[in-house]
Amino acid sequence: MPAHRERRAAERADVPPQPRLPPSLTTAALPEHEPEPEAGYRRLDFADLDLGGRTVESVEFAQCRFRGVDLSRVTLDRAAFLDCVFARGSLANLHAERSSLIRTSLSAARMTGFTWTDGVVRDVTLDECRLDLSAWRYSRFGAASFTGCNLTRADFTGADLSGVQFTGCDLTRAQFSQARMAGTRFRDCTLLDVGGVTSWDGVVVSHQDLPALSYSLAAALGIRIADD
């Protein structure tokens, strides 16, 4: 990213737009709407369905709502979610590669062990989600926000987090090695023992978050902190 663009990213934080859902949705039912490879699903309301454990390639969901749906242990490759809403439910141990989350919101979802590798996360909001042990390695973010999420031991290795906002999140022992973070913002977050702080060039941190972060910075620079 050119220097002038990095400066602009550091000065502002983009607010993700909300998903564009139609006024009415068709109720999804199994087996009619069972996710299948290279299939597309539009304007559907998935409510309290068990879709866990599936393996699906090249599937696309557009303008869909997922309420209380079990998507745990699902394996996806080149999947796409566009203008989707997830409320409650489970995406624990879902594993996706080369997939896209675009203009999508997730709230109060259980996502322990969620993996989104080498994918796209753009115009996405995640509110009050349990994302401990999640992995976002080498994914590219744009106008994304995490609010009130448990991100302990989350792995953002090699991710492009430029402009992402973290608010009220627990990021204890999260990993940021080789991440791009110009304009990434942290506010009211727990930043104990975070890894990869040498990648934090251009990050914006609120003053109340700095004391906890200083220990990780000191360790990265080889500074020893004396008790006396």
Side-chain angles (χ1 to χ4, degrees), residues 14-131 134-149 159-161 163-165:
D14 294 326
V15 177
Q18 292 298 304
R20 301 168 184 168
L21 287 183
S24 62
L25 298 171
T26 300
T27 300
L30 300 179
E32 180 181 359
H33 298 113
E34 177 79 24
E36 296 181 353
E38 300 186 7
Y41 303 87
R42 299 180 64 84
R43 300 185 175 185
L44 294 174
D45 185 8
F46 294 84
D48 302 314
L49 296 178
D50 183 357
L51 301 177
R54 273 74 166 174
T55 297
V56 190
E57 295 183 1
S58 302
V59 64
E60 179 179 295
F61 295 91
Q63 294 186 306
C64 292
R65 181 167 58 202
F66 299 81
R67 296 179 295 159
V69 175
D70 184 3
L71 288 160
S72 60
R73 307 178 317 283
V74 166
T75 299
L76 301 172
D77 187 13
R78 299 184 301 278
F81 295 86
L82 172 64
D83 286 314
C84 291
V85 173
F86 293 81
R88 300 176 288 104
S90 176
L91 291 85
N93 296 310
L94 179 149
H95 185 101
E97 294 188 4
R98 297 170 290 180
S99 299
S100 301
L101 279 174
I102 299 175
R103 225 167 26 250
T104 291
S105 68
L106 302 97
S107 61
R110 186 166 69 87
M111 301 172 69
T112 298
F114 177 89
T115 299
W116 201 265
T117 302
D118 193 23
V120 174
V121 183
R122 187 170 72 243
D123 298 337
V124 172
T125 59
L126 297 103
D127 296 322
E128 304 293 337
C129 293
R130 182 172 177 177
L131 282 157
S134 60
W136 309 82
R137 296 170 65 90
Y138 301 101
S139 287
R140 298 165 299 287
F141 288 74
S145 69
F146 294 81
T147 303
C149 294
D160 186 347
L161 296 167
V164 175
Q165 303 174 66

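Residue numbers run from 1 in the order of the sequence given. On a predicted model such as this, the values are computed, not experimentally measured, just so you know. Reckoned from all heavy atoms, side chains included, excluding hydrogens, waters and symmetry mates.
The salt bridge (Lys or Arg N to Asp or Glu O under 4.0 Å) search around E36 returns none, not counting sequence neighbours. Among residues two or more places apart in sequence or in another chain, the salt bridge (Lys or Arg N to Asp or Glu O under 4.0 Å) test is passed with R140 by D118.
Distance check: H95 NE2 to F114 CZ gives 10.5 Å after rounding to the nearest 0.5 Å. Interatomic distance, CG of L71 versus CG of L51, reported as 5.5 Å (0.5 Å rounding). Here the CH2 atom belonging to W116 is positioned 8.5 Å from the CE atom belonging to M111, to the nearest 0.5 angstrom. With rounding to the nearest 0.5 angstrom, the CG atom of N93 is 7.5 Å from the OG1 atom of T115. Rounded to the nearest 0.5 angstrom, L106 CG and D127 CG are separated by 9.0 Å. Note that CG of D45 is 13.0 Å distant from CD of Q63, once rounded to the nearest 0.5 Å.
Ring geometry for F46 versus F66: interplanar angle under 30°, hence parallel rather than tilted (30 to 60°). Ring geometry for F141 against W136 counts as tilted: the plane angle lies between 30° and 60°, on a 0 to 90° scale.
Counting non-hydrogen atoms of other residues, nucleotides and ligands closer than 6.0 Å to CZ of R54 gives a total above 12. More than 12 heavy atoms of other shown residues, nucleotides or ligands fall within 6.0 angstrom of atom CZ in R78.
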>> Would L131 and L126 count as a side chain to side chain contact (heavy atoms under 4.5 Å, CB included) here? Give the steps.
In response: CA-CA 10 Å; L131 282 157; L126 297 103; 3.9 Å; yes
> Going through the distances and angles, do T104 and C84 end up as a side chain to side chain contact (heavy atoms under 4.5 Å, CB included)?
Replying inline: CA-CA 5 Å; T104 291; C84 291; 3.9 Å; yes
> Where do L21 and V85 land on the side chain to side chain contact (heavy atoms under 4.5 Å, CB included) test, with the steps shown first?
Replying inline: CA-CA 8 Å; L21 287 183; V85 173; 3.6 Å; yes
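Looking at P37 and S58, their side chains never come closer than 4.5 Å, going by heavy atoms from C-beta outward. Side-chain contact between H33 and L44: present, with at least one pair of heavy atoms (C-beta onward) separated by less than 4.5 Å.
Considering every non-hydrogen atom in both G119 and S139, the closest pair reads N-OG, 3.0 Å. Summarising the geometry of D48 relative to V69, their closest heavy-atom pair is N-CG2, 4.0 Å, with the distance given to 0.1 Å. The minimum heavy-atom distance linking A108 with C129 is given by the pair N-SG, 3.9 Å. Taking each heavy atom of C149 and E128 in turn, the nearest pair found is SG-N, 3.9 Å. Of all heavy-atom pairs spanning A143 and P16, the tightest one is O-CG, 2.8 Å. The two atoms that bring R88 and G68 nearest to each other are NH1-CA, 3.5 Å, heavy atoms only.
Of the residues listed (T55, L76, V56), the one engaging P35 in a side-chain contact (heavy atoms from CB on, under 4.5 Å) is V56, and it is the only one. D83 pairs with exactly one of R103, Q18, R20 by the side chain to side chain donor-acceptor pair (under 3.5 Å) rule, that one being R103.
A donor-acceptor pair shorter than 3.5 Å cannot be found between the side chains of R137 and T117.
Put simply, the side chain of S100 never gets that close to the backbone of I102: no donor and acceptor are under 3.5 Å apart.
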